[in-house]
Amino acid sequence: MQETKNIGDNQNDSYVAGNSEDPVFFGAKNVIDAELKIINKKHGDDKRETKDLAGLALSGGGIRSASFSLGIMQALAYKKWLSKIDYLSTVSGGGYIGTGLTWLLSKKWQLKNGSTITFDTSPANFPYVTYPMCGGAYDKDKRTGIMELKDRIKDTISAKVRGKMLHYLRQNAKYLTPGGGINIFSLVAVLLRGIGLGLMTYLGLFVLLFILLNKLNLFCPVQTTLSASLNYNCFLLIALAGLALYLVSLPVYSLGTFLLRRSKTIAYCCRRFYEISAGTLLPFVLVLAVLGIIPFVSQWLEGHLTSETIQSTYFAITGKQIKTSGVFGVFSIIIGIISSLAAFMKTSKTGASKIPVGLFVSVGAAALLFGVLILAYHMSMDIPDGFILSLLVMVGLLALVVNLNHVSVHRYYRDRLMEIFMPDVAGIMADSYERSHKTKEANKKKLHEMYARTDNADDSGPYHIINANVVLVSSRRAKFRGRGGDNFILTPAYCGSNATGWRKTEEYMDGAMTLASAMAISGAAVNPDAGGGGEGVTRQPFLAMLMGMLNLRLGYWVPNPDPQKSKGILKPPVPNYIWPGLWEIIRRNRLNENAYFLQLSDGGHFENLALYELIRRRLGLIIVCDGAADPHCTFAELANAMEKVRTDFGALILIKNENIQDLIPSPKRKGIKPAKKGFLMADIIYADNSKGKLLYINTTFCEGLSADFYGYKKEHPSFPEEPTGDQFFDEKQFEAYRELGYQIAWEMMRDDKVMKDDIVRKIMPAT
């Protein structure tokens, strides 16, 4: 672990370095002490420890998880459990609704009629209260309390306001295409914008490179004979020299192993030296060889791939003869883009494909990269000297000034999530609400300003931990390199991870991190060098290079929280196409915890239940809402979380196989096959032998659900395991998952075993 300072030296440090010698919170003592101080101030009790606290974890799973988690929070609020939750830990889709709650609890809301409303986590003022709700008396064995709830809240929130937030979510669950002029073509246009800017920038850089090489007589046009060409083509000469060096090393190595056979230590050191040197030499030779053959390929294309139709058409339009190499470059780039997108689309499918994804990746990489080189060489031969300066200025501006975070799909994704889950409350409550969904206040709301209500601190809601993944595929530390990253938290007090250390949020990025951006970063499911649980095809270097070049990412570039790593005279003001863009593509060794710029992606790329940080804090009670798709009942997300907390924190989550079986639909039943229940309770044994309790709620079609669920499932057989790729929920689909979460959570809080548990009784109210 990183050990640059003693973590307990100074509670006021703006930066906290990870430290393996911290036996309690595994490097995060200062961070958790600061959180505990904030939480205890809310309750007016500075003696509470983390073992006395409760946490709610909302998993990834897109809009499905957001809907499911909303129903669970509604049930918790009605039963007065939500007001006892101290920590809210969210990841990806769970973060949509979790951030929405944090946003709505952050202030008093001024309505357009001059009145104010204040939301909180009580049954009376929960922002997503279900209203209207009809019916007569309910006995205590069913969904009790609804009519009583109406009587209690009628004087605190008017009927005109009540239920509008929930109605707004139901009607706008298709958040990526909300209407008001923003539709599927808007999304496609943004996607093409990133691809186009990336190709323009890198194509321009290669054109300038070839022009420079020709001006220096290092890369001259092909001569009449191969020998004459080699006299001018320095790339091929160096490549051939490197290849010759490698060939010479073969007998030298063989002879050396014979001579050094008796000296084990020297022979071992020599083997390592050879393997490192050869591993560096061969890719270097390959790159130079590819650059060196570009003129030969271009000349061959001009001589062999001719088309009278293309030539005549082009001449009729422009009055000039077309060069076949340029056409080949364009088509090669198009094939590369299509292959790359096809490979990307394959990653969202769970079934086996007849064509291996690796084939798409190889075709896409070769076609795109080689097409860019051919087209760049073709263009470099035809650009007049007078336009070189203009090209240099244009490429320089694109490469150095354009902020990668602002031209990728991330910005579109962030804005759409913000508009639906962090809306303008006054606009929603007004009768004349406009469909534009603009929410200017949320756009600038800083993360460090959350959890800072002064009107009534007791109603400010749980302390929110937004979980992301920091991409570390080239880390020198095997744990981070193998996992592909580390859990990176974004909270009102601190941002960071064990790998990078933690920085105070109000100082990190000069306090510029917004709540909306944190929510979107946590849900950045599509990103190069990152995949679910640290695995997946997008971790393949070739596909990651293509995605980086085309800016196909939802992730976000941020500076390193460590002040020592974020210093430097030459540091760029924004993440651009050169730094870190070009280094991400070419210098793959810069994706580590020591880099100035770090890439953040979906927290599910590390752990998708948002459980990791709650276990680190050794909470007494943890409620986990698992809304991830699991059609085969593998419980992979739970298994991944259990493995990581056991490995990193020495914490054991004791779940028996028979407990899991209760959550799996029975194969013996005909027709619809419900599981016995949708939740389980398990013990947590922390490293110091203290105990906690885990309540795990899963999107399970289980016994005891109301009749409408059976009708919905007959129409939609894959419910409630519809794929995460479906992010376009209509009202019926949204309501099905919301109500499922509500009914399972309600049954959990009626379960005798749960309610009689000592830890649950100690922390949660008996209602």
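Values below: all heavy atoms of this structure, side chains included; hydrogens, waters and symmetry mates excluded. Positions are given from 1, in the same order as the sequence printed here.
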Nearest heavy-atom pair of [X] and [Y]: which atoms, and what distance?
X: Ser601; Y: Ala530; value: OG-CB, 3.6 Å
X: Pro575; Y: Asn405; value: CG-ND2, 3.6 Å
X: Pro423; Y: Thr439; value: C-OG1, 3.7 Å
X: Gly548; Y: Glu584; value: CA-OE1, 4.0 Å
X: Leu490; Y: Cys495; value: CD2-SG, 3.8 Å
X: Pro559; Y: Leu598; value: O-CD1, 4.5 Å

Heavy atoms of other groups near Lys445 NZ, more than 12 under 6.0 Å: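 Correct, the count exceeds 12.
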
Pairwise side-chain contact, [X] with [Y], heavy-atom cut-off 4.5 Å (strictly under):
X: Thr514; Y: Lys444; result: no
X: Tyr577; Y: Leu582; result: no
X: Thr491; Y: His464; result: no
X: Leu56; Y: Leu76; result: yes
X: Trp502; Y: Pro561; result: no
X: Val526; Y: Thr538; result: no

Intermediate values then yes/no, side-chain hydrogen bond (donor to acceptor under 3.5 Å, both in side chains), Asn487 and Asn467: CA-CA 7 Å; Asn487 201 68; Asn467 296 275; 3.0 Å; yes

For the pair [X] and [Y], find out whether any cationic side-chain nitrogen is under 4.0 Å from an anionic carboxylate oxygen.
X: Arg416; Y: Glu419; value: yes
X: Arg483; Y: Asp648; value: yes
X: Glu613; Y: Arg616; value: yes
X: Arg617; Y: Glu35; value: yes
X: Asp415; Y: Arg411; value: no
X: Lys107; Y: Glu441; value: yes

Audit row: Met422, Leu515, side chain to side chain contact (heavy atoms under 4.5 Å, CB included) steps and yes/no: CA-CA 9 Å; Met422 299 175 62; Leu515 179 63; 3.6 Å; yes

Ring centres of [X] and [Y] under 6.0 Å apart?
X: Phe119; Y: Phe126; answer: no
X: Trp579; Y: Tyr596; answer: yes
X: Tyr175; Y: Tyr96; answer: yes
X: Phe26; Y: Phe649; answer: yes

Ignoring hydrogens and geometry, is there a side-chain-to-backbone donor-acceptor pair from [X] to [Y] under 3.5 Å?
X: Asp120; Y: Ser122; result: yes
X: Asn527; Y: Gly555; result: yes
X: Asn30; Y: Asp33; result: no
X: Glu637; Y: Ala628; result: no

Using distance alone, with no hydrogens and no angle criterion, decide if [X] and [Y] have a side-chain donor and acceptor under 3.5 Å apart.
X: Ser475; Y: Glu593; value: yes
X: Glu722; Y: Tyr737; value: yes
X: Arg738; Y: Gln74; value: yes
X: Asp486; Y: Asn498; value: no
X: Arg414; Y: Ser517; value: yes
X: Asp86; Y: Tyr463; value: no
X: Gln733; Y: Arg64; value: no

Phe606 six-ring centre to Lys644 NZ/CZ under 6.0 Å and within 45° of normal: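 Relative to the ring axis of Phe606, which defines the angle, Lys644 lies inside both limits.
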
Stepwise side chain to side chain contact (heavy atoms under 4.5 Å, CB included) check, Arg539 with Asp529: CA-CA 4 Å; Arg539 282 203 59 184; Asp529 292 300; 5.5 Å; no

